[in-house]
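Structure, as structure tokens:
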Amino acid sequence: MSTQARKPDSSSQAQDAIVPNTLFQALVEHSSDVIALLNAEGLVTYVSPSITPIMGYSPEEFVGSHALVIVHPDDLPKMQELFGRIVQMPGVCLSAEYRLRCKDGSWRWFDGAGTNLLDDPQVQAIVGNFRDIAERKRTESLLDEQNTVFKMIAQDADLRDVLSYLTRLVERYSSEGVLASILLLDADKKHLRHGAAPSLPSAYNQAIDGIEIGPAVGSCGIAAYTGKPVIVSDIAHDPLWKDFRDLALEHGLRACWSTPILSAEQEVLGTFALYYREPHQPGSSDQHLVEFITRSAAIAIERERQEEERRALVSDLKHQKRQLELLSAATREINRVLEIPTIMRNLISVACALLNAEVGTYGLLIDGKMVFNEYIQNGEVRSISIVFEKGVGVPGWVMHIEQPYIANDAAHDPHVLPELQQTYGFYNLINLPVFNRAGDLVACFELQNKADSQPFTEDDLDLLQALASSAAIAFENAQMIEEQRALEQRKDEFISMASHELKTPVTSIKGFTQVLLRRLSQRDDPESVRFLQRMDAQLNKLTTLISELLDLSRIQTGKLAYRHEQFDLDKVVAEIVENVQATTTQHQIVIHGKTGVQIIGDRDRIGQVLINLLSNAIKYSPDHDKVHVYLQKEGNEAMVSVQDFGIGIDEAHQQKIFERFYQVTGPVEKTFPGLGIGLYLSNEIIRQHKGRLWVNSRKGEGATFSFALPVE
Ligand code: ADP
């Protein structure tokens with residue numbers, strides 16, 4: 001020991017002073033603490049022999065030195081201050097923790113106490129007593145490290161970071177020269193993967209990465225295989241290392257102690273190994289450390305696995321949600337559309353998106369053959385024309401088996417037609433039959449080329465089945481609508497034909513009736529004239545009906561012609577009222593106000609509307625005798641209203657009466673004849689004039705029908 005401190009004059013005098021009896025001497029000399037006496041300057045006058053095993057100095061070497069000379073520079077200010085206080089206060093005892101330099105140059109922690117007995121005639125010294133607390137300090141700082149590790153795990157630090165922190169921690173706390181490594185057991189539970197080994201040569205780490213575990217595959221391979229620790233104190237001579245010996249020796253590794261990292265369920269998660277560059281037996285102090293490391297690593301690995309599982313689950317859920325969204329959007333879309341090609345096209349694009357397929361195509365069953373007319377590649381529709389007979393090609397095969405079919409190796413599939421495969425260059429396909437609700441095959445659709453050359457799977461099939469069944473419903477709807485349309489068309493054709501056929505004979509009957517009327521009026525036969533006049537009136541009704549029917553079919557075919565001329569609305573109203581008034585004796589029609597406007601449009605058609613409204617007003621108010629017609633101009637509209645005080649119309653029917661053939665079917669209404677065409681025609685005519693027609697009514701309280709026409 002080197003020290004600049006001055007040696008006291010006589011150390012033996014001081015020794016004599018504090019060792020009054022042999023018992024006390026024996027106590028001091030056999031204490032495991034180091035006991036020293038210092039004078040007021042801090043120079044050591046006595047030190048117990050226990051200093052030698054603890055710090056390496058002999059007592060003689062130390063006596064005469066200044067006590068603070070071996071204090072760690074970081075602790076020195078604190079110790080100087082402490083010593084100063086002790087010296088000034090006789091009888092006081094103060095203590096502190098600090099580091100002292102051992103003879104070999106290393107620093108060690110001590111817990112020291114100094115008691116000022118300078119005034120005690122028996123002692124006349126400061127009695128210092130210091131205890132080695134290195135182990136306690138190590139345990140404390142290891143505890144701090146453990147906290148850090150747990151914090152890292154709790155804060156979801158990257159697994160690699162946690163593992164590499166653990167390995168470095170071991171290397172700091174374990175016996176000198178140790179190299180730590182953590183390997184992880186793969187999901188297949190057969191191979192070990194690199195985890196963390198920051199101090200091992202990276203070439204060695206690379207060579208070890210992916211080794212298969214087994215009963216003689218080095219310490220780690222065996223530890224992972226057996227789930228038990230494996231200690232190999234000399235790699236060069238241990239048969240367990242025979243296959244990896246050269247590799248280890250090449251990188252200067254001579255001993256390896258591997259411990260399995262076990263989950264809470266005792267499943268192997270990986271291994272933790274300590275390597276040494278010399279043949280080595282593990283020490284007992286390392287045991288605790290290893291236990292702590294394997295436990296922490298297990299928690300970190302398990303946590304990471306759980307997190308991975310959670311992430312996989314979330315992404316799976318997201319994927320499923322997207323698929324569901326697509327499916328329900330597709331179903332909605334498919335059900336909305338009523339044309340079969342559009343349904344199929346929608347279905348194909350959704351199916352391609354769901355399965356990540358490049359191409360989709362569909363066939364419709366026509367006369368027992370599957371006819372393909374469209375081919376959709378990356379959303380672009382192309383026309384094709386391929387017809388499959390039953391049994392021929394994949395669609396033909398699907399027609400035959402009435403089951404879906406997957407060909408994941410199209411080039412070698414027995415049902416794929418080679419010329420088609422070569423022309424269209426597909427490598428795999430899935431084909432699904434589409435049945436209608438009655439269970440008849442009506443179509444099929446096919447997807448080709450799943451992205452990244454992935455095969456089509458049973459899961460894909462399940463998904464497509466769901467789509468195919470929603471298509472079946474849409475097919476059914478489309479077919480029904482198609483049938484209804486055809487029926488409707490036949491009906492329209494019939495009405496058109498019937499009214500045309502009726503018109504000619506009725507016109508000639510009308511003509512002959514007129515001739516007869518003239519002739520009979522010249523003879524004195526008033527009764528026959530009356531009969532003929534009645535006949536003529538009925539013929540007028542019939543003519544009106546027929547012309548209404550004719551107008552109806554003209555509207556259906558868009559052939560109802562309108563004139564475009566200027567006319568005086570009030571005048572037309574007055575004329576029509578006069579004509580209609582002539583047909584009734586019971587009702588009195590009264591006009592109120594005037595519009596004073598000229599309208600551009602078809603005077604006769606507007607007149608037809610008014611006749612219709614007035615006839616209805618009369619017809620549906622059999623127990624009343626007044627009908628009012630109101631004329632007015634409001635803003636830039638001319639308004640005509642026809643009010644009656646008859647049976648009225650329930651709110652529920654007020655919109656529907658403007659539809660074709662709609663009639664209110666109550667017990668009262670049933671008694672009135674009619675076809676339910678008049679208001680439909682009127683509405684069409686007013687619409688063509690860019691006007692509006694509407695009704696205000698309450699059941700039993702009469703009705704007011706109004707129309708408004710724009711005034712230019
Ligand atoms: P219809 O030939 O049956 O009268 P319309 O198309 O003119 O055909 O009228 C449709 C239906 O509206 C009628 O069947 C009747 O139920 C109802 N309706 C029309 N006008 C009146 C009215 N003024 N009062 C009560 N109901 C009416």
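Numbering of ligands and ligand atoms starts at 1, following listing order.
Here the protein heavy atom with the shortest distance to atom 10 (C) of ligand 1 is Tyr662 O, 3.4 Å. What sits closest to atom 8 (O) of ligand 1 on the protein, heavy atoms only, is Gly676 CA, 3.2 Å. The protein heavy-atom contact nearest to atom 26 (N) of ligand 1 is Ile649 CG1, 3.3 Å. Among protein heavy atoms, the minimum distance from atom 5 (P) of ligand 1 is reached at Leu679 N, 3.7 Å. Here the heavy atom of the protein found nearest to atom 12 (O) of ligand 1 is Ile657 CG2, 3.3 Å. Counting only heavy atoms of the protein, atom 21 (C) of ligand 1 lies nearest to Tyr620 CD1, 3.4 Å. Scanning all protein heavy atoms for the shortest distance to atom 7 (O) of ligand 1 gives Asn616 ND2, 2.8 Å. Among all non-hydrogen protein atoms, the one lying nearest atom 3 (O) of ligand 1 is Gln663 NE2, 2.8 Å.
Between Cys352 and Leu447 there is a side-chain heavy-atom pair separated by less than 4.5 Å. With a 4.5 Å cut-off on side-chain heavy atoms, Gln608 and Asp551 count as touching. Between Tyr362 and Leu347 there is no side-chain heavy-atom pair separated by less than 4.5 Å. At a threshold of 4.5 Å between non-hydrogen side-chain atoms, the residues Val398 and Val394 count as touching.
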Could you walk me through whether His587 and Phe645 pass the ring-ring contact (aromatic ring centres under 6.0 Å, His included) test, one step at a time? CA-CA 11 Å; His587 289 82; Phe645 302 92; over 10 Å; no
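Checked against side chain to side chain donor-acceptor pair (under 3.5 Å), Asp644 has no partners two or more places apart in sequence or in another chain.
When each of Glu389, Met399, Lys390 is checked for a side chain to side chain contact (heavy atoms under 4.5 Å, CB included) with Met370, only Met399 meets the rule.
Looking at ligand 1, you'll find an N or O of Gly678 within less than 3.5 Å of one of its N or O atoms. Between Lys619 and ligand 1, at least one N/O pair is under 3.5 Å apart. Polar contact check, Leu675 against ligand 1: a nitrogen or oxygen pair lies under 3.5 Å apart. For Tyr680, no nitrogen or oxygen atom sits less than 3.5 Å from a nitrogen or oxygen atom of ligand 1, counting backbone and side chain alike. Among the atoms of Asp644, some N or O lies under 3.5 angstrom from an N or O of ligand 1.
Residue contact check: Ile677 has heavy atoms under 4.0 Å from atoms 6 (O), 8 (O) of ligand 1.
Using the six-membered ring where Trp is involved, Phe388 and Phe372 have ring planes that are perpendicular, over 60° apart on the 30 and 60° scheme.
Not a single heavy atom of Phe672 sits closer than 4.0 Å to an atom of ligand 1. The closest approach between a heavy atom of Phe658 and any atom of ligand 1 is not below 4.0 Å.
The main-chain N or O of Gly702 is found under 3.5 Å from a side-chain atom of Ser697 such that the two form a donor-acceptor pair.
For the 3.5 Å distance criterion, the side chains of Gln377 and Glu358 qualify, holding a donor opposite an acceptor.
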